[in-house]
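Values reported hereafter were calculated over all heavy atoms of this structure, with side chains retained and with hydrogens, waters and symmetry mates removed. Source: prediction; values computed, not measured.
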Amino acid sequence: EALWTDERAAALEARLELLRARLVAPPAARPFRTAPFTATPAAAGHARAVQACRERIAAGDLFQANLALRLRSTLEGDLADLHVAGATALRPDRAAWVGGVASLSPELYLERRGDRVRSAPIKGTAPRSEDPAALAASEKDRAENVMIVDLVRNDLGRVCAHGSVEVTALAEPRPHAGVWHLVSEVAGTLAPGVGDGALVAATFPPGSVTGAPKVAAMDVIGELESAERQVFTGAIGFASPCAGLELSVAIRTFEAGGARLWLDVGGGVTAGSDPDGEAAEALAKAAPLLAAVGGALEEGDGAGASRAAGDAVPRPLRLGPRPTPRPDPARGVFETVLVRDGAPVDLDAHVARLTASVRALYGVTPELPALPPLPEAARLRLLAEPGGAIAAEVAALPPASDPTTLHPVVVPGGLGAHKWRDRRLLDALAAHTAPATPLLVDLDGWVLEASWANVVAIGDGGALATPPLDGRILPGVGRARFLAAHDVAERPVHVTELRDAWLTSALRTVRARLSSQPY
């Protein structure tokens, strides 16, 4: 498509002929290769998230949420070649290529032609090997679909002429790459003066990939998913003064960053969802995509320890009718520094970590202020604002708590590699586990960190092990000091193997033991 003028005619004709020639004789495919994809969380961990969502639905917090897991891999070659292979093999309705994003989406988010707008939400999935009539007759899948149709009707009703919104197709089984989907269609006539911006603002993010009510579902998604969504479940498409607006829902979408490659897959959770079935459905959606690009799921889908752990892995806590939010980066980050003999200990390491966080989060380089007079022993805090300003506060050292008890709580995906000033979630977890210290674990039961310290597990014979720095935990300065002084293996540590531990922070190292109380 192009905006044609007489002045541009020759150049556009030449461009059109070039594109036609390329389509007639496309270049040979270039090789690429992916490593085995690993699921985060594994199937059993995703089932725990689904069960936690069902408990919130039963409590009346929401009706439905779309929960996803992430399949991680690495890519040798060019993502464009992966996209060509996938689109060629699957022929998806709405394939799209944007640098770093290879989308093989089957779903229409919005289509506008003139003042007519249409959306085609997908809810309900079954393998292509199954009878589509069974999918159409599934009460759970139909309920899932109808709830989202109502949500889309409401979204479009905000910007369409009164009485013009109608359901033109309801829960129809339609074939897509490797699966059957239940597809509905909702259409309406835009009210006078409503442009594409207002249309998208009224309906984004798409209802089929959030849930109902939409805001409540998004809160639960933020609470229970292990990876922050990026392009996944957004929208890809075009806005044209000639052809109107057309946007897909960015599902079945590979994303890349450097050599890293990932694919998010999920599904709608309702009161009638079977947790293990939802995990199987998510992986079933991924299977044809992986096959199309020559990829494969890691043998055993990475769930071994998670399944073997059984009830030893706690379910995510429901702390109230609305989830306690994860840390808000707008509230800033900070460092806690030990003052000993009137001098800050490892100040350079703390400043380096704080600087790295501020640069990564806010794109600025902070400047360390002049420190106030320091007593012989104290706690120094460096408090950074999003703009890069840093304030210094000095306080007495907190009382020692040696030994302490650890109580496992699930925080899917952890809290990341930054020391957040927003501690609402950690404070809520601490209030729940008091007097024990919260021990953060992921949905598969892998140990992350304590609420105020890194964890070093003490195994049989005194062998030491600590979770690796994989972006989910704080790279503690006290942790680095402890590792420099002891022989510690950096490897995944499962909650089932943890009994005794050291907790390491900038201020102190204390002995800890896992709680014997039920989780």
Side-chain angles (χ1 to χ4, degrees), residues 57 62-66 92-94 105-126 131-176 179-192 194-196 198-218 233-237 243-252 266-273 281 285:
I57 292 170
L62 72 165
F63 304 120
Q64 178 185 164
N66 186 87
D93 286 357
R94 304 191 176 276
S105 175
E107 184 172 356
L108 173 67
Y109 164 39
L110 288 174
E111 176 191 81
R112 180 190 60 76
R113 300 289 182 264
D115 62 357
R116 288 292 292 175
V117 63
R118 179 173 68 98
S119 182
I122 289 174
K123 272 294 161 206
T125 304
D131 183 356
L135 177 62
S138 166
E139 291 186 8
K140 180 265 180 186
D141 289 291
R142 187 174 180 84
E144 186 181 336
N145 192 289
V146 168
M147 276 190 277
I148 296 305
V149 167
D150 282 343
L151 186 149
V152 173
R153 289 173 60 203
N154 179 73
D155 283 351
L156 290 181
R158 298 168 63 190
V159 287
C160 283
H162 180 70
S164 71
V165 176
E166 58 181 340
V167 178
T168 54
L170 182 63
E172 295 180 354
R174 297 180 184 176
H176 287 275
V179 295
W180 292 98
H181 282 312
L182 290 184
V183 183
S184 295
E185 296 189 13
V186 184
T189 301
L190 291 175
V194 174
D196 291 338
L199 171 60
V200 172
T203 58
F204 191 83
S208 62
V209 289
T210 50
K214 187 181 286 187
V215 172
M218 290 166 65
T233 66
I236 302 173
L245 175 74
E246 190 165 329
L247 298 172
S248 69
V249 180
I251 57 175
R252 317 290 199 275
V269 178
T270 68
S273 291
E281 178 182 314
K285 290 175 180 175

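- Taking CZ from Arg118 and CG from Leu156, the interatomic distance works out to 11.5 Å, rounded to the nearest 0.5 Å.
- Side-chain N or O atoms of Asn145 include one that pairs as donor or acceptor with a backbone N or O of Lys123 at under 3.5 Å.
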(request) Given side chain to side chain contact (heavy atoms under 4.5 Å, CB included), test Leu190 with Cys160 step by step and report yes or no. (result) CA-CA 4 Å; Leu190 291 175; Cys160 283; 4.1 Å; yes
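- Taking CG of Leu108 as the reference point, atom CD1 of Ile122 lies at 9.0 Å (rounded to 0.5 Å).
- Between Leu110 and Ser119, the shortest heavy-atom distance links the atoms CD2-CB, 4.5 Å.
- The backbone N or O of Val249 sits less than 3.5 Å from a side-chain atom of Ser105, completing a donor-acceptor pair.
- Here CD of Gln64 is found 4.5 Å from CE of Met147. Values are rounded to the nearest 0.5 Å.
- Of all non-hydrogen atoms in Val165 and Val186, the two that sit nearest each other are CG1-CG1, 3.8 Å.
- The two residues Leu62 and Ala216 have their closest heavy-atom pair at CB-CB, 4.2 Å.
- Of the inter-residue distances, the one linking Arg158 atom CZ with Thr203 atom OG1 reads 8.5 Å to the nearest 0.5 angstrom.
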(request) Could you go through the side chain to side chain contact (heavy atoms under 4.5 Å, CB included) check for Leu135 and Leu182 one step at a time? (result) CA-CA 8 Å; Leu135 177 62; Leu182 290 184; 3.8 Å; yes
(request) Dump the intermediate steps for side chain to side chain contact (heavy atoms under 4.5 Å, CB included) on Val200 and Leu247, then the final yes or no. (result) CA-CA 10 Å; Val200 172; Leu247 298 172; 4.0 Å; yes
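- Note that CZ of Arg153 and CG of Leu151 are 11.0 Å apart. Values are rounded to the nearest 0.5 Å.
- Atom-to-atom distance recorded for Asp141:CG and Glu281:CD is 6.5 Å, nearest 0.5 angstrom.
- Two residues are said to be in side-chain contact when any heavy atoms from C-beta on lie closer than 4.5 Å; Lys214 and Asn154 fail this criterion.
- Between Ser273 and Lys140 the shortest heavy-atom distance is OG-CE, 3.3 Å.
- In this structure, the side chain of Arg112 engages the main chain of Gly114 through a donor-acceptor pair within 3.5 Å.
- Between Arg174 and Glu107 there is no salt bridge, since no side-chain N of the basic residue sits under 4.0 Å from a carboxylate O of the acidic one.
- Of the possible polar contacts, none joining the Glu185 side chain to the Thr168 backbone as a donor-acceptor pair under 3.5 Å is found.
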(request) Start with the C-alpha distance between Thr210 and Val215, add both sets of side-chain angles, then the distance that settles side chain to side chain contact (heavy atoms under 4.5 Å, CB included), and finish with yes or no. (result) CA-CA 8 Å; Thr210 50; Val215 172; over 6 Å; no
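- The side-chain heavy atoms of Pro206 and Ile148, taken from C-beta on, include no pair separated by under 4.5 Å.
- Shown here for Val159 and Ala198, the closest heavy-atom pair between the two residues is CG1-O, 3.8 Å.
- Of all non-hydrogen atoms in Phe63 and Ile57, the two that sit nearest each other are O-CD1, 3.6 Å.
- Judged by distance alone, with hydrogens and angles left aside, the side-chain atoms of Lys285 form no donor-acceptor pair with the main-chain N or O of Arg252 at under 3.5 Å.
- Taking the charged nitrogens against the carboxylate oxygens, Glu246 and Arg113 do have a contact shorter than 4.0 Å, which makes a salt bridge.
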